[in-house]
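A short worksheet on the structure shown next.
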Amino acid sequence: MRTPKKTEVINIGKVFLFFIFLSLLQIGITYIFVRQSSLNQIYDSFMSLSQRIQHDIKYDQGKWDTKLYNADPFTPYPHGSSGFSQPLYIITSEGFVIERNRPISGLLDSSDFKHLLSFSRPQSISTVTNENWRVLSSPIRNKARTIGVVLVAFYNPSTSQLDDVIKSW
């Protein structure tokens, strides 16, 4: 058996390194292509969702009209047909939160304890998202100190239901 010459070993090593280089180059190009394709797909999806939401949410006469947004089956909604597992929160420039799953903007989107305590008698409120609620709150006390608040709300009651809602509380 003959031993390979030094030049043959060097040539085999060069060929081997060349194939390693080609493999790494192919892996690198594939990675860049797949990454860029994925990023483009995500960007297109977000742009489509953003445009859909901009179309669905209107600001009319000082109120947010979310009727189209709430009726749109393709916007994020937990347990809905859109396939999103979490609700989408939209924060307006005024700081109001419009949330896909039962929005109560201006009421439960803040930790304004004193504001929540102000509903000690049943009251009807209309929020900036153009939604009507019947609300009642009660403080949670530990001895003489108020440590929390319980708030009960009825969404979009009709005028004929107001008396029934008051009686049930």
Side-chain angles (χ1 to χ4, degrees), residues 1-116 125-133 135 137 140 142 145-153 155-156:
M1 191 158 127
R2 127 182 135 83
T3 56
K5 295 183 182 175
K6 187 175 183 180
T7 56
E8 289 178 344
V9 171
I10 291 175
N11 287 338
I12 291 173
K14 286 180 181 179
V15 169
F16 181 73
L17 286 177
F18 178 72
F19 281 114
I20 294 278
F21 173 76
L22 284 181
S23 297
L24 291 176
L25 183 65
Q26 180 183 8
I27 290 170
I29 290 172
T30 303
Y31 168 78
I32 291 170
F33 175 75
V34 169
R35 182 179 184 276
Q36 195 60 39
S37 296
S38 297
L39 289 175
N40 287 340
Q41 193 174 28
I42 291 168
Y43 177 79
D44 291 345
S45 176
F46 278 129
M47 289 306 294
S48 173
L49 179 61
S50 176
Q51 289 170 353
R52 178 174 220 93
I53 291 169
Q54 285 177 356
H55 173 266
D56 288 350
I57 297 178
K58 305 278 188 248
Y59 190 72
D60 186 29
Q61 298 176 356
K63 298 278 184 180
W64 287 101
D65 183 4
T66 60
K67 288 181 204 130
L68 287 174
Y69 179 73
N70 288 334
D72 190 344
F74 298 108
T75 55
Y77 184 76
H79 316 298
S81 60
S82 64
F84 287 83
S85 61
Q86 297 293 320
L88 174 70
Y89 290 87
I90 301 169
I91 303 172
T92 67
S93 59
E94 296 86 17
F96 295 108
V97 175
I98 301 170
E99 191 253 325
R100 175 72 168 143
N101 192 9
R102 297 187 184 106
I104 311 178
S105 180
L107 180 64
L108 295 178
D109 58 352
S110 68
S111 59
D112 189 350
F113 194 71
K114 290 179 184 177
H115 178 65
L116 293 176
I125 61 168
S126 181
T127 66
V128 293
T129 57
N130 206 22
E131 310 241 355
N132 296 313
W133 292 85
V135 295
S137 69
I140 300 171
N142 182 4
R145 190 172 145 233
T146 301
I147 59 170
V149 64
V150 173
L151 182 103
V152 179
Y155 173 69
N156 207 14

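Atom set for the values below is all heavy atoms of this structure, side chains included, hydrogens, waters and symmetry mates excluded.
The salt bridge (Lys or Arg N to Asp or Glu O under 4.0 Å) contacts involving residues 43-53 comprise Arg52-Asp72, where partners must be two or more places apart or lie in separate chains.
For the atom pair Leu22 CG and Phe19 CZ, the distance stands at 7.0 Å (nearest 0.5 Å). Taken from OH in Tyr43 to OG in Ser48, the straight-line distance is 12.0 Å, to the nearest 0.5 Å. Between atom CG of residue Asp56 and atom CD of residue Gln51 there is a gap of 12.0 Å, rounded to the nearest 0.5 Å. Interatomic distance, CD1 of Ile12 versus OG1 of Thr7, reported as 9.5 Å (0.5 Å rounding). Taken from CE in Met47 to CD1 in Ile42, the straight-line distance is 14.5 Å, to the nearest 0.5 Å. A distance of 10.5 Å separates CG of Leu24 from CG of Leu17, quoted to the nearest 0.5 Å.
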**OP:** Run the numbers on Gln26 and Thr30 for side chain to side chain contact (heavy atoms under 4.5 Å, CB included), then give the verdict.
**Re:** CA-CA 6 Å; Gln26 180 183 8; Thr30 303; 4.1 Å; yes

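For the pair Ile125 and Val135, the tightest heavy-atom approach, listed with the atom from each and the gap, is CD1-CG1, 4.2 Å.
Looking only at distances, a side-chain donor or acceptor of Ser37 sits under 3.5 Å from a matching main-chain atom of Phe33.
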